[in-house]
Every structure is written in C-alpha cells, then in structure tokens.
Amino acid sequence: MSDDEAQRSDLSDFGDRLAKAKGEEEAKRKPARRSGAAAGDGLRVAIEFVVSVLVGCGLGYTIGSFLGSPVIGLLIGMPIGFAAGLRTVYRSMARPPAEGGENE
Amino acid sequence: MSLGLNLNPLMDRFIEPLAAGPMEQFEIVPIFGLDFAEAIDLSFTNASLWMLITVGTALLFFTFATRQSKLIPGSVQSMGEVTYEFVANMVRDTMGEEGRGFFPFVFTLFIFVFLCNFLGLLPSIPGSPTSVHTFTPTSHIIVTFTLAILSVGLVVVYGVFKHGFGFLKLFAPSGVPLWLLPLITPIEIVSFLSRPVSLAVRLFANMLAGHVVLKVFAGFVGTLLTAGGVLSILSVIPLLGIIGVFLLEFLVAFLQAFVFAILTCIYLQDALHPSH
C-alpha cells in the first residue's frame with residue numbers, strides 16, 4: 001500500500017518535472033522560431049509586392065502598346081500594380097498562411 | 001604547400017570541383033536528345049531525370065508506407081500517416097469539408113515540391129558525369145511557374161465551372177461602393193494575375209539562393225585552403241558556415257513546399273467562395 005503511494009507520488013512528481021522541463025524548453029524555442037517566421041513572412045511579402053508592381057507595369061505596357069501608346073499604358077499600369085501590391089500585402093498580413101483562412 | 005603536406009591528390013579530388021562557378025550547378029544537360037524539329041527540343045535532360053527520381057521516390061515511399069497497414073504503424077507507415085494528416089489538416093483548416101476534393105491535388109503538389117527541394121540537397125556521387133549530378137528542378141523558374149499556373153488555372157477552371165459568371169465577383173469585393181468599382185476592379189485583376197508569378201518566383205528564388213550560397217561558401221573553403229599558412233586553417237570558418245546553411249536549407253525545402261501548398265489552398269478557397 002505504502003509502496004503504491006510512494007510510486008504514485010513519484011509519478012506525480014515526475015509529471016511536474018516533465019511539465020516544468022517542457023515549459024522551459026518551449027520558452028527557449030519560441031522566440032527563435034518567431035523571428036525566423038517573421039523573416040520568412042517579410043521576404044514573402046516583399047516578393048509579393050515587387051511582383052505585383054511588375055505585373056501591373058507589364059500589363060499596362062502590353063495593353064498600352066496594343067492601343068498605340070505603351071508609355072501611357074505603363075503610367076497607368078504602374079500605380080495600379082502598386083495599389084495591387086499594397087492590397088496583397090495587407091491581405092496576406094491580415095491572414096498569415098500559417099493560420100490558413102480562419103480569420104476570414 | 002606551406003603546411004608541409006602534399007595537398008595535390010586532395011586538390012584533384014575536392015578543390016577542383018569547388019572551383020566551378022556557382023551557377024554551373026543549374027545548367028541543363030541533355031542526357032539523350034529528342035530534337036524533333038528545330039523549334040521543339042524534347043531532350044531528356046538532367047532536370048527530367050531528377051523529376052523522374054522525385055516521382056519514383058514518392059511512389060516507392062508511399063507503396064512501402066501503405067503496403068502492410070498495421071494498427072500499430074511501423075516507422076515508414078507512421079511517416080506516411082503523418083504526411084497524410086499534415087496535408088489533410090491543412091486542406092481542412094483552409095477550405096473546410098468542401099475542400100476535400102482538392103486533397104489529392106494539394107497532396108501531390110506538396111510531395112512533389114518537397115521531394116524536388118529535398119532530393120536536390122543530397123550530395124552528388126563523386127566522379128559521376130555532370131548529367132547525373134544532383135539537380136534541383138525547383139531551382140528553375142519554368143518548373144515552378146508551370147506548377148503555379150497549374151494551381152491558379154485550377155482555381156479559374158473550377159471557379160467558372162462552379163459559379164459561372166459569379167466567379168467574376170472575385171474582382172468586385174462585396175461592400176465596395178459602386179463608384180469605387182472602376183478603380184478596385186483593375187487592382188483586383190492585377191492582384192490576381194500576380195499570384196502565379198509570386199508563387200513561382202518565391203519557390204524558385206529560395207531554392208536558387210540557397211544553392212548559390214552553398215556553392216559560394218564552398219568556393220571560399222577552396223580558396224583559403226590553397227592560400228596556405230594561417231589562411232588554410234581559417235578555411236574551417238566557411239566550412240562551418242556551409243554546415244549551418246545546409247541544415248537551414250532542409251528547413252527551407254520543407255517550408256517552401258508548405259507555403260506553396262497552403263497558398264494553393266487559400267487560392268482554391270477563392271474558387272469555392274469568390275465573394276470574399
């Protein structure tokens with residue numbers, strides 16, 4: 001009986017120690033993972049923004065050259081691409097991929 | 001050599017390959033030519049070979065993983081199950097139960113991209129001909145762009161198939177006043193068109209940059225080692241750098257495949273529900 005109790009207290013003690021160790025481990029890990037993820041997010045957003053501007057410019061230039069004036073097309077396409085880039089960045093920051101579309 | 005060692009055999013074996021330019025590893029080498037007409041070159045290249053190896057590996061792995069299903073899974077089976085669960089959860093979290101039908105597509109995409117990235121990190125067999133050197137198909141933008149176009153094309157096809165003209169609501173978000181629509185619609189269209197491009201560029205740039213960094217560091221090791229004296233000893237530093245970057249690349253290989261798959265899920269969600 002006393003054996004059983006000793007074992008049980010031993011076990012609960014083990015549980016406590018395990019929880020404590022886990023907590024310490026988590027605390028150690030979390031900041032590193034976050035800064036890494038933030039850098040990844042930053043790069044992702046930067047690529048999205050640049051690509052949006054370039055696609056806007058390219059589209060404007062192409063449509064413009066079909067209509068006779070590539071320069072005017074470029075001038076219209078660039079701000080649209082810029083706005084689209086900002087919109088993409090805003091949207092992907094409001095909805096980080098790691099969490100999926102849950103906050104929609 | 002100033003270290004008093006005869007480094008020549010070592011040089012021939014290891015330093016010579018290090019002297020290759022950082023971009024040489026991305027060269028497409030035909031293995032056997034299939035040049036039908038002047039315009040169409042369908043040669044079987046090292047890129048084709050490594051894509052085949054990727055598909056073969058995936059096939060072999062999942063054949064083994066599902067061959068003898070046990071209640072208590074073995075190591076291979078549980079790896080397969082973890083992969084399945086991981087992608088299944090990703091699909092369920094982003095698209096809900098409606099998205100179930102897209103699971104095979106997303107799963108195939110994820111496994112293909114991940115294995116392309118991953119197998120490309122394996123070292124080449126020393127002394128093997130250039131055509132069978134380790135090659136990362138995803139470090140070529142045409143490969144990633146094809147995959148991206150495939151995903152976005154599926155979004156368009158499925159969206160039009162399911163909603164007809166209603167799919168165009170994607171370009172006119174709800175809650176926008178009518179007078180703003182002429183301004184918002186072009187922005188939304190450009191934003192939509194930039195999706196496949198950014199999807200492709202992100203994966204390609206990550207793979208390319210990682211492999212170039214590895215090669216440049218390897219070049220440092222070679223240069224320092226042949227410089228002699230104290231500088232030879234310093235070559236340990238870039239070597240440690242290579243180890244660090246190499247380990248990081250494994251993380252990047254997984255992370256980029258994950259990002260590719262989850263962004264595909266998010267875009268497919270648009271096909272399911274075009275009005276935001």
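The structure presented is a predicted model; accordingly, all values stated were derived computationally and were not measured.
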What's the separation between atom CZ in B:Phe192 and atom OG1 in A:Thr88, rounded to the nearest 0.5 Å? 12.0 Å
Residue list, ring-ring contact (aromatic ring centres under 6.0 Å, His included) with B:Phe118, at least two apart or on another chain: B:Phe114, B:Phe250
Just how far is it from atom CZ of A:Arg44 to atom CG of B:Leu199, taken to the nearest 0.5 Å? 11.0 Å
Strictly less than 4.5 Å between heavy atoms, which residues of residues 49-56 of chain A line up against chain B? Please order them by number. A:Val51, A:Ser52, A:Val55, A:Gly56
For B:Leu178, I'd like to know if atom CG has over 12 heavy atoms of other residues, nucleotides or ligands within 6.0 Å. no
Do any pairs count as a salt bridge (Lys or Arg N to Asp or Glu O under 4.0 Å) and have a residue in residues 196-211 of chain B, sequence neighbours left out, and if so which ones? A:Glu48-B:Arg202
If every non-hydrogen atom of A:Ala84 is compared with every non-hydrogen atom of B:Val190, which pair is closest and at what distance? CB-CG1, 3.7 Å
Close contacts, residues 57-81 of chain A versus chain B, judged by heavy atoms under 4.5 Å: A:Leu59, A:Ile80, A:Gly81
CZ (B:Phe26) with more than 12 external heavy atoms under 6.0 Å: yes
